[in-house]
Amino acid sequence: MGKISTDKYIFLTPRAYIVIYLLKVGRAKASEISESTQIPYQTVIQNIRWLLAEGYVIKEQKDEEIYYILTDKGRQLANTELEKIRKLIEVVQ
């Protein structure tokens with residue numbers, strides 16, 4: 001889970017993977033996050049609850065569907081995680 005393509009592996013926490021994924025796609029349902037990131041659905045839900053409580057994501061409901069969207073604070077967290085990845089990639093190359 002959470003591998004970057006190099007000759008080494010960089011492992012991401014599920015929380016980091018979720019915010020980076022949301023940064024990429026803009027908004028997504030929990031099931032879409034789970035399927036796209038290969039993170040178990042219950043793990044996604046647990047992390048989404050934490051991200052909601054801390055103000056990193058907001059919930060948007062359209063009809064019966066619930067989507068999650070990064071807040072400005074969430075985008076900052078995702079960019080911080082991406083910067084960590086960039087630094088790690090420099091180390092392993």
Side-chain angles (χ1 to χ4, degrees):
M1 168 176 23
K3 296 172 209 142
I4 302 287
S5 225
T6 64
D7 58 337
K8 308 276 186 199
Y9 290 106
I10 296 173
F11 294 95
L12 302 177
T13 64
R15 195 170 295 156
Y17 212 161
I18 291 167
V19 294
I20 291 168
Y21 178 75
L22 286 173
L23 183 66
K24 176 184 172 188
V25 298
R27 71 181 182 128
K29 298 184 291 187
S31 59
E32 294 169 345
I33 296 168
S34 176
E35 291 168 15
S36 296
T37 62
Q38 299 298 304
I39 297 171
Y41 181 78
Q42 282 302 328
T43 303
V44 169
I45 293 299
Q46 290 168 350
N47 280 277
I48 288 289
R49 285 184 187 140
W50 185 88
L51 291 164
L52 280 165
E54 296 296 319
Y56 292 108
V57 299
I58 56 171
K59 189 172 17 176
E60 178 185 89
Q61 188 159 356
K62 281 196 171 186
D63 302 320
E64 302 279 323
E65 305 290 340
I66 296 174
Y67 294 90
Y68 298 98
I69 303 167
L70 289 177
T71 62
D72 287 340
K73 185 177 175 181
R75 281 190 285 282
Q76 288 175 343
L77 177 62
N79 285 320
T80 299
E81 293 296 336
L82 285 171
E83 187 57 35
K84 289 179 190 175
I85 292 167
R86 286 184 192 103
K87 288 179 182 176
L88 287 170
I89 290 172
E90 289 174 12
V91 169
V92 297
Q93 288 182 338

Check: Gln76 main-chain N/O paired with Thr80 side-chain donor or acceptor under 3.5 Å: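 Such a contact is found between Thr80 side chain and Gln76 backbone.
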
I need the [X] [atom1] to [Y] [atom2] distance, nearest 0.5 Å.
{"X": "Ile20", "Y": "Leu77", "atom1": "CD1", "atom2": "CG", "answer": "8.5 Å"}
{"X": "Ser36", "Y": "Ile18", "atom1": "OG", "atom2": "CD1", "answer": "11.5 Å"}
{"X": "Leu88", "Y": "Glu83", "atom1": "CG", "atom2": "CD", "answer": "10.0 Å"}
{"X": "Leu22", "Y": "Ile48", "atom1": "CG", "atom2": "CD1", "answer": "6.0 Å"}
{"X": "Leu52", "Y": "Asn47", "atom1": "CG", "atom2": "CG", "answer": "11.0 Å"}
{"X": "Leu12", "Y": "Lys84", "atom1": "CG", "atom2": "NZ", "answer": "10.0 Å"}

May I ask whether [X] and [Y] are part of the same hydrophobic cluster, defined by side-chain heavy atoms of I, L, V, M, F, W, Y residues being less than 4.5 angstrom apart, directly or through others?
{"X": "Ile33", "Y": "Val25", "answer": "yes"}
{"X": "Trp50", "Y": "Ile66", "answer": "yes"}
{"X": "Leu82", "Y": "Tyr17", "answer": "yes"}

Hey, does [Y] have a side-chain heavy atom less than 4.5 Å from the side chain of [X]?
{"X": "Arg15", "Y": "Glu54", "result": "no"}
{"X": "Arg27", "Y": "Tyr68", "result": "no"}
{"X": "Ile45", "Y": "Arg49", "result": "yes"}

How close do [X] and [Y] get, heavy atom to heavy atom, and via which atoms?
{"X": "Ala30", "Y": "Val44", "value": "O-CG1, 3.8 Å"}
{"X": "Glu32", "Y": "Tyr67", "value": "OE1-CE2, 4.4 Å"}
{"X": "Val19", "Y": "Ala78", "value": "O-CB, 3.6 Å"}
{"X": "Leu23", "Y": "Leu70", "value": "N-CD1, 3.5 Å"}
{"X": "Pro40", "Y": "Ser34", "value": "C-OG, 3.7 Å"}

Pair Lys87 + Glu90, salt bridge at N-O below 4.0 Å: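 Salt bridge flag = no for Glu90 with Lys87.
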
